[in-house]
Amino acid sequence: MHAKYVKTLKKRCPPGDTTTTVEMDPGSAKHFDDGYYRRLTQRRGLLSSDAALVSAAAAQDHVDVKQFISNSSTTAFFRAFGESMVRMGKIGVLTGTNGEIRKVCSRVN
């Protein structure tokens with residue numbers, strides 16, 4: 001994560017603050033677009049799993065986030081996002097005693 005962005009986040013959410021929230025996509029949080037991925041390439045992503053998308057290993061694994069932001073239109077982004085949603089829909093869902101819905105996301109029930 002970019003050092004300047006870390007400082008900004010720490011000012012907004014000091015260590016121990018469990019009530020303040022920050023937008024994952026500042027500037028376009030209310031719009032579905034490629035803005036979050038643009039920020040990832042600037043090392044301004046909140047989630048390490050998303051930051052991994054812009055790593056060299058991800059690029060070798062056919063995930064090229066930069067193609068979405070270099071495309072003058074967002075057509076490529078929306079097409080790839082739709083295809084990803086279809087693939088994710090095919091992931092096996094845990095049911096019955098094989099899984100659980102957490103009442104508090106950070107803790108196992």
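Source: prediction; values computed, not measured. Throughout, numbering of the chain's residues begins at 1 and tracks the sequence.
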Residues 102-109, side-chain donor-acceptor partners within the protein, below 3.5 Å, at least two apart:
unit_1: R102; atom_1: NH1; unit_2: C105; atom_2: O; d: 3.1
unit_1: N109; atom_1: OD1; unit_2: K103; atom_2: N; d: 2.9
unit_1: N109; atom_1: ND2; unit_2: I101; atom_2: O; d: 2.8

Non-neighbouring partners of R87 that pass side-chain hydrogen bond (donor to acceptor under 3.5 Å, both in side chains), sequence neighbours left out: S84
For R39, check side-chain hydrogen bond (donor to acceptor under 3.5 Å, both in side chains) against everything at least two apart and list the hits. D25, S28
With sequence neighbours excluded, what pairs up with N98 under the side chain to side chain contact (heavy atoms under 4.5 Å, CB included) test? L94
Go through the steps to decide whether E23 and L46 satisfy the test side-chain contact (heavy atoms from CB on, under 4.5 Å), and finish with yes or no. CA-CA 9 Å; E23 295 176 328; L46 290 179; over 6 Å; no
Are there more than 12 heavy atoms of other residues, nucleotides or ligands under 6.0 Å from atom CE of M88? no
According to side chain to side chain contact (heavy atoms under 4.5 Å, CB included), who are the partners of V86, at least two apart in sequence or on a separate chain? K90
With the side chain counted from C-beta on, respond yes when R43 and M1 share a heavy-atom pair under 4.5 Å apart, and no when they do not. no
Qualifying side chain to side chain donor-acceptor pair (under 3.5 Å) pairs with a residue from residues 3-17, counting only residues at least two apart or across chains: D17-T19, D17-T20
